[in-house]
Amino acid sequence: MFDLHEHPHTRLNLLTGDWILVSPHRTKRPWQGKVETLPPDNRPSYDPKCYLCPGNERADGSINPVYKDSFVFTNDFSALLYDTPHGEINIDDLLKAQSEKGICRVISFSPDHSLTLPLLSVEGIEKVIELWQKEFKDLSSDPSIRYIQIFENKGEIMGCSNPHPHGQIWASSSLPLELVKETREQKKYWEEKGRSLLSDYIQLELKQKERLVLENEHFVALVPFWAVWPYETMIVSKRHLQNILQFTDEEKTAFADILKKLTAKYDNLFEISFPYSAGMHQAPVNDEEHPEWHWHMHFYPPLLRSATVKKFMVGYEMLANPQRDVTAEWAAERLRSLSEVHYKEKVSQAK
Ligand code: H2U
Ligand code: ZN
């Protein structure tokens with residue numbers, strides 16, 4: 001009898017149409033590979049050398065204002081530039097290129113250098129969400145922008161350049177690869193069934209419960225059935241929304257609440273500031289209608305079995321197919337079992 005928790009199998013990623021290989025029997029193999037070292041986690045509230053701290057100088061010579069909540073500026077080393085001329089190259093259908101125009105911004109989540117998302121108050125996270133909304137609105141008012149990617153790279157292991165709590169926004173004139181895939185798959189489902197793919201998916205997850213991590217009135221956090229990264233999760237809105245501008249005030253607070261709790265659970269897993277790349281996926285802008293689109297946020301953390309053992313996407317995964325050992329259900333159970341109060345806040349509550 002085929003058992004998902006014992007036998008090697010492949011699972012379909014509903015959002016991208018890709019398949020992943022799961023090898024649940026493999027978790028017992030001994031580990032003799034690379035062990036990462038951890039950067040120290042005791043930071044001051046203000047670092048005179050940090051380009052994100054209030055009042056400090058940035059690479060382009062400008063001085064940050066003495067801001068109180070969150071702060072946004074155009075990336076001084078933007079990957080996309082607004083004044084890129086329009087153009088295309090096609091040599092014998094073999095060498096193809098298209099110019100790409102866009103805007104990159106950096107958002108500081110707090111003036112306090114020592115904090116991270118799970119250590120901000122719910123009100124503090126609401127301020128960050130409001131800034132994400134404001135930026136989304138502002139960037140989408142430009143007709144040359146078609147997609148706005150809001151994301152956070154956290155931790156040295158993820159190539160993050162600075163521990164000051166911050167994220168980025170890249171707005172582009174064409175649809176990036178992941179968005180092309182997710183639009184295609186959601187559209188297919190919408191056209192076939194007349195319902196949102198993710199609404200149906202979370203209904204099923206709420207019934208089965210084994211991959212749920214957190215739930216509140218408006219959002220669900222879960223380890224998707226097709227997760228590739230060991231502790232990969234997704235936050236999905238219960239309401240079928242296309243983008244962050246459609247959040248009600250209640251949804252904004254509920255999103256801040258689930259963000260704080262999910263990232264606190266992550267930190268509690270190995271009692272470290274847990275690294276990840278996270279970001280929201282939302283409908284394209286200045287485009288045809290996208291009724292199929294359902295807002296969600298992905299968390300892709302690289303850590304595997306401890307604070308220092310990282311999963312590498314190499315070998316078979318680079319050449320053939322992404323693969324994981326521990327099952328999504330096992331990871332969800334571990335995350336569920338952890339406190340939603342951050343270990344550092346627990347200490348301060350006990351005092
Ligand atoms: P990370 O989120 O990956 O750490 O990137 C931070 C961004 O901040 C990075 O894209 C930008 C870098 O270009 N940056 C500035 O815009 N100004 C600076 O003074 C330093 C870094
Ligand atoms: Zn700082």
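These figures come from a predicted structure and were not determined experimentally.
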Considering only NZ, NE, NH1 and NH2 on the basic side and carboxylate oxygens on the acidic side, decide whether R324 and E317 come within less than 4.0 Å. no
Nearest heavy-atom neighbours spanning H9 and H7: ND1-O, 2.8 Å
Under 3.5 Å, side chain of S121 to main-chain N/O of G124, donor-acceptor pair present? yes
Single-linkage hydrophobic cluster V106~Y67, side-chain heavy atoms < 4.5 angstrom: yes
Are H281 and H298 close enough that their ring centers fall under 6.0 Å? yes
Looking only at side chains, do E182 and H296 share a donor and an acceptor under 3.5 Å apart? yes
Main chain of V341, side chain of N268: is a donor-acceptor contact present, judged purely on distance under 3.5 Å? yes
Is there a side chain to side chain contact (heavy atoms under 4.5 Å, CB included) between D267 and E271? Walk through the geometry before answering. CA-CA 5 Å; D267 281 11; E271 294 215 347; over 6 Å; no
So, does H294 use its side chain to make a donor-acceptor pair with the main chain of S237 at under 3.5 Å? yes
Taking the six-membered ring of F312, is the NZ or CZ of K310 close enough (under 6.0 Å from the centre) and on axis enough (within 45°)? yes
Step-by-step salt bridge (charged side-chain N to carboxylate O under 4.0 Å, His left out) determination, E329 to R11: CA-CA 13 Å; E329 295 72 33; R11 294 188 185 194; 3.0 Å; yes
Donor-acceptor contact present, side-chain E88 to main-chain K96, <3.5 Å: no
Looking at E292, E192, E288, which hits salt bridge (Lys or Arg N to Asp or Glu O under 4.0 Å) with K187? E288
Are W190 and L179 connected in a single hydrophobic cluster, I mean Ile/Leu/Val/Met/Phe/Trp/Tyr linked by side-chain heavy atoms less than 4.5 Å apart? no
Main chain of I63, side chain of N56: is a donor-acceptor contact present, judged purely on distance under 3.5 Å? no
Heavy-atom distance under 4.5 Å between the side chains of E178 and P176, does that happen here? no
If you look at every heavy atom in A59 and D76, which pair is closest and at what distance? N-OD2, 4.1 Å
Within a 6.0 Å radius of atom CD on E210, are there more than 12 heavy atoms belonging to other residues, nucleotides or ligands? yes
Honestly curious: do L197 and I235 fall in one hydrophobic cluster under the side-chain, below-4.5 Å linking rule? no
Quick one: CG on L119 to OG1 on T116, what's the gap to the nearest 0.5 Å? 4.0 Å
If we ignore angles and hydrogens, is there a donor and acceptor under 3.5 Å between the side chains of D142 and S144? yes
Could you tell me whether the side chain of S172 and the main chain of G102 form a donor-acceptor pair under 3.5 Å? no
Determine whether S99 and H86 make a side-chain contact, defined as any pair of heavy atoms from C-beta on separated by less than 4.5 Å. yes
Test side chain to side chain donor-acceptor pair (under 3.5 Å) on Y343 and E345 and set out the steps. CA-CA 6 Å; Y343 67 92; E345 292 191 332; over 6 Å; no
Hydrophobic cluster membership, L241 vs F136, 4.5 Å side-chain cutoff: yes
Pair K346-S339, side-chain donor/acceptor within less than 3.5 Å: yes
Walk me through whether Y266 and T233 qualify under side chain to side chain donor-acceptor pair (under 3.5 Å). CA-CA 10 Å; Y266 272 153; T233 58; 2.7 Å; yes
R211/E333 salt bridge by N-O under 4.0 Å criterion: no
From CA spacing to verdict: side chain to side chain contact (heavy atoms under 4.5 Å, CB included), E100, S174: CA-CA 7 Å; E100 182 70 46; S174 69; 2.6 Å; yes
If the threshold is 4.0 Å, N to carboxylate O, is there a salt bridge linking D138 and R105? yes
Could you check whether R58 makes a cation-pi contact with F73, meaning its NZ or CZ is under 6.0 Å from the centre of the six-membered ring and within 45° of the ring axis? yes
With no hydrogens and no angle check, is any side-chain donor or acceptor of N243 less than 3.5 Å from a backbone partner on Q282? no
Do F255 and H218 have ring centroids that are under 6.0 Å from one another? no
How about I148 and I169: do any of their side-chain heavy atoms sit closer than 4.5 Å? yes
Begin with the C-alpha distance, continue with both residues' side-chain angles, and end with the deciding distance and a verdict on salt bridge (charged side-chain N to carboxylate O under 4.0 Å, His left out) for K238 and E215. CA-CA 10 Å; K238 288 188 177 172; E215 184 196 354; 2.6 Å; yes
Would you indicate whether the side-chain heavy atoms of H113 and N162 approach each other to under 4.5 Å? yes
Tell me, yes or no, whether the heavy-atom count around K181 atom NZ, taken from other residues, nucleotides or ligands under 6.0 Å, exceeds 12. yes
Aromatic ring pairing F219/W295, orientation class (parallel under 30°, perpendicular over 60°, tilted between): perpendicular
Show me the donor-acceptor pairs, under 3.5 Å and distance only, between side chains in residues 224-232 and residues at least two apart or in other chains.
{"unit_1": "W226", "atom_1": "NE1", "unit_2": "N13", "atom_2": "OD1", "d": "3.2"}
{"unit_1": "Y231", "atom_1": "OH", "unit_2": "R334", "atom_2": "NH1", "d": "3.3"}
{"unit_1": "E232", "atom_1": "OE1", "unit_2": "V228", "atom_2": "N", "d": "2.7"}
{"unit_1": "E232", "atom_1": "OE1", "unit_2": "W229", "atom_2": "N", "d": "3.1"}

On a heavy-atom basis, which atom in V22 and which in D325 lie closest, and how many Å separate them? CG1-O, 4.2 Å
Under the side chain to side chain donor-acceptor pair (under 3.5 Å) rule, what do D112 and S110 come out as? Steps first, then yes or no, please. CA-CA 5 Å; D112 190 331; S110 161; 5.5 Å; no
Apply side chain to side chain contact (heavy atoms under 4.5 Å, CB included) to Y46 and R43, showing your working. CA-CA 8 Å; Y46 170 76; R43 299 196 300 276; over 6 Å; no
So that I can tick it off, tell me whether E130 and K127 are bridged by a salt bridge, with the cut-off set at under 4.0 angstrom between side-chain N and carboxylate O. no
If we ignore hydrogens and angles and just use 3.5 Å, is the side chain of H166 paired with the main-chain N or O of H164 as donor and acceptor? yes
L304-L21 co-clustered via ILVMFWY side chain contacts under 4.5 Å: no
OH (Y189) and OG (S199) are apart, to the nearest 0.5 Å, by 9.0 Å
